[in-house]
Q: 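I am attaching a structure below and will ask some questions about it afterwards.
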Amino acid sequence: MATKSKTITYVIGDVHGMDVPFVGLLRAILKDAQARSATPRFVFLGNITGRGPNSERVVDAIIKLIDQYPGSTLLLGNQESIFLDMLLGELAEREFARWMYSGGQKTLLSYGIQEISVDYEDIAQTIIANYPHHLQALLNAKSYEIEGEYCFVNAGLRPGTPIAKQDPKDLWSIRDAFLEHEGMFEKIVVHGHSQTWHLYPEVHDNRIAINTGAFNCGRLTALVIENGNASRFLLTKPGYPNQLEQYELDTFRVRLSPPDAQAA
């Protein structure tokens with residue numbers, strides 16, 4: 001009787017259409033899983049589109065990975081939420097115009113849309129006609145995912161609100177109220193969205209941040225969860241997407257100073 005291989009979860013931060021570091025990280029992940037005789041499970045934290053040059057290519061690759069590796073999933077980020085609203089005809093013209101300046105234009109260009117207008121109905125219909133599987137992938141995307149003691153989400157959680165009762169908009173847009181909260185949540189929150197200050201992961205007692213600026217510097221990060229525990233990070237090296245950096249979890253642990261030291 002064949003032995004069932006173990007599964008390792010790889011949680012990937014904001015790709016933002018940056019297909020070169022994305023491909024480099026995927027190769028490293030597959031090699032890492034093979035070296036451990038494991039099957040990879042991918043969790044994409046959202047913001048896979050926008051800002052970078054090849055959102056269409058990234059979405060296509062993620063759909064194939066989700067089909068190939070059981071249990072893999074895509075979470076909804078703010079970029080995908082807006083993109084989906086546009087495709088469904090539910091995005092106000094003002095919001096559409098704002099999206100063009102925050103990643104939307106690059107997304108549409110990657111889908112071959114050269115002429116862009118706030119009257120976007122024809123744009124949406126063209127993309128749906130050519131990429132119905134992309135629309136379905138966005139419709140299937142989750143707001144959050146739970147694995148053991150971890151909650152995977154794009155932006156974060158609203159403190160004081162149970163995970164099951166969170167406002168979906170908070171899950172892909174919250175910043176300060178979440179980032180500045182020092183208390184514990186129901187789960188340790190693994191998130192992207194807000195770029196880390198030093199462009200490396202951050203490990204707090206209550207959260208793990210892995211948006212390390214793939215668009216700004218080319219560093220794309222995956223958190224590795226083995227045997228139910230977050231153990232290490234795999235990162236692409238800026239300027240050298242086929243070179244990998246690997247660090248243990250505690251390398252990036254944020255240690256708060258005692259109250260008296262902070263006051264000083």
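Residue numbers run from 1 in the order of the sequence given.
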Q: Could you tell me if the side chain of Ile174 sits less than 4.5 Å from the side chain of Arg158, heavy atoms only?
A: yes
Q: Just wondering, do Glu95 and Ile82 contact through their side chains at under 4.5 Å, heavy atoms?
A: no
Q: Would you say Ser81's side chain and Gly77's backbone share a donor-acceptor pair under 3.5 angstrom?
A: no
Q: Do you reckon Met100 sits in the same ILVMFWY cluster as Leu84, going by side-chain contacts under 4.5 Å, direct or chained?
A: yes
Q: CD1/Ile127 to CG/Leu135 distance, rounded to the nearest 0.5 angstrom?
A: 10.0 Å
Q: Is Asn206 close to Val189 at the side-chain level, that is, under 4.5 Å between some pair of heavy atoms?
A: no
Q: Please answer whether the main-chain N or O of Gly148 pairs with a side-chain N or O of Lys187 as donor and acceptor at a distance below 3.5 Å.
A: yes
Q: Donor-acceptor pair, distance only, cut-off 3.5 Å: does the side chain of Gln79 make one with the backbone of Ser102?
A: yes
Q: Same cluster for Tyr131 and Val15 if Ile/Leu/Val/Met/Phe/Trp/Tyr side chains link at under 4.5 Å?
A: yes
Q: Grab the two heavy atoms, one from Ala141 and one from Leu76, that are nearest each other, plus how far apart they are.
A: CB-CD1, 4.0 Å
Q: I'd like to know if Val153 and Ile12 are part of one continuous hydrophobic network [Ile/Leu/Val/Met/Phe/Trp/Tyr, side-chain heavy atoms within less than 4.5 Å].
A: no
Q: Could you go through the ring-ring contact (aromatic ring centres under 6.0 Å, His included) check for Phe83 and Tyr111 one step at a time?
A: CA-CA 12 Å; Phe83 188 20; Tyr111 280 88; 5.5 Å; yes
Q: So how far is it from Ser110 OG to Gln105 CD, rounded to the nearest 0.5 Å?
A: 11.5 Å
Q: Please round to the nearest 0.5 Å and tell me the distance separating atom CG of Leu65 and atom OG1 of Thr73.
A: 12.5 Å
Q: Please round to the nearest 0.5 Å and tell me the distance separating atom OH of Tyr247 and atom CZ of Phe252.
A: 5.0 Å
Q: Just by modelled atom types, is the Ser55 backbone N or O under 3.5 Å from a matching donor or acceptor in the Asp19 side chain?
A: no
Q: Taking C-beta and beyond as the side chain, do His134 and Asp60 meet within less than 4.5 Å on heavy atoms?
A: yes
Q: Restricting to pairs with a member in residues 213-237, which pass side-chain hydrogen bond (donor to acceptor under 3.5 Å, both in side chains), not counting sequence neighbours?
A: Asp32-Arg232, Gln195-Asn216, Tyr200-Arg219, Thr212-Thr221, Glu226-Ser231, Glu226-Arg232, Arg232-Gln246
Q: Taking Arg41 first and then Glu147, would you say they form a salt bridge - that is, a charged N and a carboxylate O separated by under 4.0 Å?
A: yes
Q: Let me confirm one number: the CZ-OG1 distance from Phe233 to Thr251, rounded to the nearest 0.5 Å.
A: 8.0 Å
Q: Show the nearest heavy-atom pair for residues Ala214 and Leu220, with the distance to one decimal.
A: CB-CD1, 4.0 Å
Q: So which atom in Asp205 and which in Arg253 form the shortest heavy-atom distance, rounded to 0.1 Å?
A: OD1-NH1, 4.0 Å
Q: Could you tell me which residues satisfy side-chain hydrogen bond (donor to acceptor under 3.5 Å, both in side chains) with Lys142, sequence neighbours excluded, listed by chain and number?
A: Glu145
Q: Does one side chain, of Glu80 or Trp172, offer a donor that lies under 3.5 Å from an acceptor on the other?
A: no
Q: Any Lys/Arg nitrogen of Asp67 or Lys64 sitting under 4.0 Å from an Asp/Glu carboxylate oxygen of the other?
A: no
Q: Tell me if the CD atom of Gln34 is crowded by more than 12 foreign heavy atoms within 6.0 Å.
A: no
Q: Answer yes or no: is there a side-chain heavy-atom contact under 4.5 Å between Ile113 and Leu109?
A: no
Q: Of all the heavy-atom pairs spanning Leu75 and Phe152, show the shortest one and how long it is.
A: CD1-O, 3.3 Å
Q: Keeping the roles fixed (side chain from Gln166, backbone from Thr161), state whether a donor-acceptor pair exists under 3.5 Å.
A: yes
Q: Can you measure from CG (Leu108) to CZ (Phe96) and round to the nearest 0.5 angstrom?
A: 5.5 Å
Q: Just wondering, do Leu171 and Asn154 contact through their side chains at under 4.5 Å, heavy atoms?
A: no
Q: Are the side chain of Tyr10 and the backbone of Leu26 linked by a donor-acceptor contact shorter than 3.5 Å?
A: no
Q: Using atom types as modelled and distance alone, determine if a side-chain donor or acceptor of His16 lies under 3.5 Å from a backbone N or O of Thr49.
A: yes
Q: Once the angle between the rings of His191 and Phe178 is folded into 0 to 90°, is it parallel (under 30°), tilted (30 to 60°) or perpendicular (over 60°)?
A: perpendicular
Q: Determine whether the aromatic ring centres of Tyr69 and Phe42 lie less than 6.0 Å apart.
A: yes
